[in-house]
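Hydrogens, waters and symmetry mates play no part in the numbers below; they use all other heavy atoms, side chains included. Positions are given from 1 along the sequence.
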Amino acid sequence: MARNFRIVPKKRGNRSTGSKVWGKAIECALSAAALVAGAVALVIVLLTVVIPEWRVNHQFVEHTCVVLQTRLAKQEGTDGALYRPEARIQYEVNGETYVTWTYSLRGRYTASRAEVEKILQTLEPGEQYTCWYDPADPSVAVLVQTYSWWSWLTLAIPGSFILIGLGGVVHSLMTWGKSAERCAVLAQRAASAAPFDPTRPVIPHFPYVPKPASVTDSPGTTLAYRLPSVTASGWKLFGGAAACLGWNGIVALFACVAISGFLEGRPDWLLTVLLIPFLIVGGGIIVYFLRYVLVATAIGPTLVEISEQPLYPGNHYELFVSQTGRLRVKSLEVVLACEEQATFRQGTNTRRESLRVLEQPVYRREHFDVRHGVPFEARCLVEVPTGAMHSFKSEHNEIGWKILVKGEVDGWPSFTRSFPVIVYPPPNGSNGKIKR
C-alpha cells in the first residue's frame, strides 16, 4: 500500500521527497523541548540556589550566638583534599536553645587550607558573634551573609537552552510557509550571477542617489530581482518573545519568593500587592505575543519581484507578487508610494518628520482564499510617473520610493509590507520616457 507521506525524506535523484509539514513540526517540537527544558531547569536553579541565597541576605533574622568550638572540615576531592570552616554555635530563639554546626549556607569546600585556617582564627570559642537564623526554621543559622558568583553563573545554562529553543521556535514559525524549492532556486541563481558580465548594463552613479546594489543583490525566481522587505516581522517576533521571557522571568522570581513566604507561614502582603499589576502586565504581554505568533503563522511571507532596477520616470515595469499562508482575504492591494523625510534639530532635540507625497494604485484583488502550500500569485505593471523626483538621501533629507502590499484578512488585523525600490533621474535631465 502506498504511503501518502514520509516523515523522513528520501532522496530521488536531485529531489528530496517527504512531508515538509512533518519536518517543520519536528523541528519546532525539538526547539520547544529545549525551551521547556531550559524553563524547568531555570525554575530548579531559582528554587534551590538563587532564592535560598537571597533569603539568607534579606529574610534571615540577625541575632547573637556563642561559638562553642571550631573545626577544620575535610573531604577528599578528585584533585586532592578540600577544606571548609565549621563552628558549633549556640543561640536562643523564643525561649528555645539551638545548637548546630554551621558557617555559611552552602558550606563550600576549597583547596586552600591556609584560607580556611585564617577564617577559623577569627572565631574564639566562648565568645559572642553575630549570626543570622531562618525565621521559618530557627534551627538553620549562618555566621556569614554572602553571595556565590557561581550560583548566578549557573543561570547561564538554562538561559542558553531557553535562547536556543526560543530561536528555533521563532525560526520554525517564521519559515513555515516558505517553499524549500523556491529558497534553493534563489540561492542557486544568486551564486551563479556574474557581476563582471560585459553584457550587463552600466548603471551610472549620481551623488546623493542611493545605489541600487541593496535591491539588486537577490535574483528573483520569476522576474529579474526579488525586492527586500523592510517589514521586520521576524525581529518584532523575536523582540516580543524576549520581552515576554524577560518580564515574566523577573516577575516569576519575585512570585516564587512571595509564594515561599506563604508556604512558610510568613506572608509578605506588601510584595504580593505590588506583584499584582506586574502579573497583569505579564499576562497581557503573553497574550499579545501569542496573538502575534498566530498572525505571523497565519499570514505568511509576502514576496515581490520586479523586472528591472533601477527605475526611471515615465517607464513601465513588471511586478510579480506572491502571498502565502492560510487566509480568507477581503482585499489585497499593491501601491507605488513616495515618501519625503526631513530631519532637523530643535534645541538639543532631533526630530524626524515624514510625508507621503504619492500613493499610486498598481493592483487590487478582492474576496479570495489563500490555501496552505498554494500561494496566491499575481503579475501587474507599475509605472513611475513622468517628471517624478528621483530617490535622494542626504544627512537631513530623504526621498524614498517603495512598493507597498496592503492586505485585509478575515479574523486578523490588516497588514502592510514595504519593499523599497530605487528611482534614478533620466539621462541628460530629461523628463521623458527612457527607451529600452
Side-chain angles (χ1 to χ4, degrees), residues 28-29 31-59 136 147 151-174 176 230-299 349 351-352 409-417:
C28 188
S31 300
L35 179 61
V36 171
V40 172
L42 178 63
V43 172
I44 293 175
V45 171
L46 289 176
L47 293 178
T48 60
V49 179
V50 176
I51 292 179
E53 282 200 351
W54 184 88
R55 292 191 65 249
V56 167
N57 289 273
H58 294 85
Q59 292 187 345
Y147 281 108
S151 64
W152 297 93
L153 188 62
T154 55
L155 294 175
I157 299 175
S160 62
F161 275 88
I162 291 174
L163 289 177
I164 293 173
L166 181 61
V169 170
V170 171
H171 177 268
S172 300
L173 294 177
M174 292 304 300
W176 195 284
V230 296
T231 307
S233 57
W235 285 109
K236 288 182 180 179
L237 186 62
F238 183 79
C244 179
L245 181 64
W247 180 280
N248 288 284
I250 295 174
V251 173
L253 174 62
F254 287 99
C256 289
V257 175
I259 294 173
S260 175
F262 276 95
L263 294 178
E264 294 170 358
R266 296 176 294 98
D268 189 338
W269 293 106
L270 177 61
L271 178 60
T272 303
V273 172
L274 291 176
L275 272 177
I276 292 175
F278 290 93
L279 290 171
I280 295 174
V281 173
I285 295 176
I286 292 175
V287 172
Y288 175 81
F289 172 68
L290 292 178
R291 177 174 175 81
Y292 197 89
V293 169
L294 291 175
V295 170
T297 53
I299 304 176
N349 297 325
R351 293 183 57 188
R352 188 172 188 177
V409 184
D410 279 340
W412 302 104
S414 59
F415 65 92
T416 300
R417 290 169 179 175

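- Put simply, CD1 on I280 and CG on L275 are 11.0 Å apart, with the number rounded to the nearest 0.5 Å.
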Identify every side-chain donor-acceptor pair in residues 247-255 under 3.5 Å, counting partners at least two apart or on other chains, and give the distances.
from, atom 1, to, atom 2, distance (Å)
W247, NE1, F278, O, 3.2
N248, ND2, C244, O, 2.8

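- Taking every heavy atom of both residues into account, A39 and I162 meet most closely at N-CG1, 3.7 Å.
- Between I276 atom CD1 and L271 atom CG the span is 10.5 Å, to the nearest 0.5 Å.
- Just one of V50, I51, V45 meets the side-chain contact (heavy atoms from CB on, under 4.5 Å) condition when paired with L47; it is I51.
- Shown here are the side-chain contact (heavy atoms from CB on, under 4.5 Å) partners of A41, two or more places apart in sequence or in another chain: P158.
- With sequence neighbours excluded, no residue satisfies side-chain contact (heavy atoms from CB on, under 4.5 Å) with I164.
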